[in-house]
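Below is one structure; the comments refer to it alone.
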Amino acid sequence: MKKRLLSIVLAGILVCMSSAAVFADKEEKKEEKKEVEMVDVAAIDLSLHSETTGDFTSIYNFENPFKGKDTSKGAVIEFYAQPTWEVHALGAIFCIMGEKEYDGRLYFSPGSYLGFNSDKFGGYYDANLYNYNLVTDYIKNGALIRIELLPDGFKVFANDELCYDQTILEDTTKAAGDYKVDSDFKPVLEWLAGAQNLHFGANSWWNAVGGNEANINLSKVSFRLMDGTVLFDQLQADKKLLETLGAVPITELDDSAGGIEIKDVKVDVFDINSVEYKGMNVIPIMVIAVIIVAVGAAGITVVVTRKRTYDEV
């Protein structure tokens, strides 16, 4: 009888402690969610990251705008790239990433290199790259880049002038891969409609801190279908994360002089993703309750299990 009662008491204590732990975990998650403040921005600094060694993580993440869309006729990716420091040919201005059945990547680097790689969708091509080195820098001091992905190939423009297309794949000193000039590029468009994620500033195959940061200020972004349907044209950033990294949201551009001048301006936050949680924190109360239950249970256990004398019977 004593053993059974003791087991019941101990089980009660464990249940109380487990409930308190679960509740505390939920409260922590609420606090984490409250910290996210996404703000509309005119430009983003792609060189920002928090790591000092190893692979760095992207701080600008979105759902792939082309996911679930009809990309069969082609897709357009356009942006203004303004270099801020050394050119890293293997970095990533943008990277569309797929997982599972859509495993693969499509990316464009600060060295004007366009890459695609997915084993299930035709293999890979590296355009405007030779032995992992820059071939021709079309961004130079700043350029409006337009990438057209087509059923029969691709085209890359800088300030409306053609830089290269799929014919570059004929030249082994400027390109490499499974795809050739006369290949069917429809699998690339099929993959594009299934890939899940879009990253700016990270996640090329060579995502190493200290050598492949995208030293680019990115603005005037547009992801659209070939028929002109705009799918994505507003950059956003986590305001508090940027402030943690020592930056402020870039909210104003001046391109009256033909180039892009970026001004850092602090503005009121228009928060579309954060959730407000009000009310007192009940975690201390839960902890006190658990302690009281535990002390009470311990007292009962002592009374029940202590030795009895004949006088008490």
Side-chain angles (χ1 to χ4, degrees), residues 25 28-29 31-33 35-39 41 43-64 67 77 79 81-120 123-135 137 139 145 176-177 191 195-219 221 235-250 264 273:
D25 184 59
E28 288 178 2
K29 287 181 179 179
E31 291 299 322
E32 288 176 4
K33 193 170 185 179
E35 293 299 316
V36 179
E37 296 184 11
M38 300 299 292
V39 293
V41 292
I44 53 179
D45 180 358
L46 300 185
S47 67
L48 290 178
H49 57 86
S50 57
E51 295 84 357
T52 56
T53 60
D55 288 346
F56 55 86
T57 55
S58 170
I59 63 173
Y60 307 107
N61 308 309
F62 301 86
E63 182 180 38
N64 172 23
K67 187 176 184 295
I77 301 171
F79 51 86
Q82 180 71 56
T84 57
W85 193 52
E86 182 181 357
V87 176
H88 290 157
L90 298 179
I93 293 178
F94 76 84
C95 177
I96 296 176
M97 292 184 66
E99 302 171 350
K100 297 180 179 178
E101 66 268 32
Y102 289 95
D103 183 43
R105 307 186 193 200
L106 172 77
Y107 45 89
F108 190 80
S109 85
S112 306
Y113 148 45
L114 176 64
F116 171 76
N117 194 324
S118 178
D119 286 340
K120 296 180 181 178
Y124 84 99
Y125 62 75
D126 288 335
N128 197 40
L129 187 76
Y130 179 65
N131 284 344
Y132 306 105
N133 291 310
L134 183 152
V135 176
D137 176 13
I139 295 175
I145 299 295
W191 173 89
Q196 296 90 347
N197 304 305
L198 167 65
H199 303 272
F200 291 112
N203 290 322
S204 69
W205 293 106
W206 306 272
N207 199 48
V209 172
N212 292 314
E213 294 91 340
N215 298 315
I216 294 286
N217 276 331
L218 185 71
S219 60
V221 170
L235 292 168
Q236 290 189 322
D238 182 337
K239 181 176 182 291
K240 288 191 175 182
L241 177 58
L242 291 185
E243 290 174 347
T244 299
L245 297 175
V248 295
I250 300 171
D264 290 348
N273 286 333

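When reading the values below, keep in mind they use all heavy atoms of this one structure, side chains included, and skip hydrogens, waters and symmetry mates.
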_Which residues share a side-chain contact (heavy atoms from CB on, under 4.5 Å) with Asp55, sequence neighbours left out_ =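 Result, side-chain contact (heavy atoms from CB on, under 4.5 Å) vs Asp55: Asn207.
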
Could you report the tightest heavy-atom contact between [X] and [Y], atom names first, then the distance?
| X | Y | value |
| --- | --- | --- |
| Ser112 | Asp137 | OG-OD1, 3.7 Å |
| Ser47 | Asn215 | CB-OD1, 3.5 Å |
| Tyr60 | Ala237 | CE2-CB, 4.1 Å |
| Ala89 | Ser109 | O-OG, 2.6 Å |
| Ala43 | Ser219 | CB-CB, 3.8 Å |
| Phe200 | Ile44 | CB-CD1, 4.0 Å |

*So, Glu37 and Lys239, do they make that salt bridge, N to O below 4.0 Å?*
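No, this pair does not count.
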
[X] [atom1] to [Y] [atom2] distance, which is reported to the nearest 0.5 Å:
| X | Y | atom1 | atom2 | value |
| --- | --- | --- | --- | --- |
| Leu134 | His88 | CG | NE2 | 11.5 Å |
| Tyr132 | Leu90 | OH | CG | 9.0 Å |
| Ile216 | Trp85 | CD1 | CH2 | 13.0 Å |
| Glu63 | Asn197 | CD | CG | 8.0 Å |
| Asn117 | Asp103 | CG | CG | 8.5 Å |
| His199 | Thr57 | NE2 | OG1 | 10.5 Å |

Just wondering, do [Y] and [X] contact through their side chains at under 4.5 Å, heavy atoms?
| X | Y | answer |
| --- | --- | --- |
| Thr244 | Asp238 | no |
| Pro110 | Ile93 | yes |
| Asn64 | Gln196 | no |
| Asn128 | Leu114 | no |
| Lys67 | Leu198 | no |
| Leu242 | Val39 | no |
| Tyr113 | Asp126 | yes |
| Ile96 | Trp191 | yes |

_Test your reading of the model: is there a side-chain donor-acceptor pair from Asn212 to the backbone of Trp206, 3.5 Å cut-off?_
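Yes, Asn212 side chain to Trp206 backbone: donor-acceptor pair under 3.5 Å.
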
*Would you say Arg105's side chain and Asn203's backbone share a donor-acceptor pair under 3.5 angstrom?*
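Judged by distance alone, yes, a pair lies under 3.5 Å.
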
*Parallel, tilted or perpendicular: which describes the rings of Phe94 and Phe79, with under 30° parallel and over 60° perpendicular?*
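Rings of Phe94 and Phe79: perpendicular, as their planes differ by over 60°.
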
*Mind checking what makes side chain to side chain donor-acceptor pair (under 3.5 Å) contact with Trp205, not counting sequence neighbours?*
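Expected list: Tyr107.
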
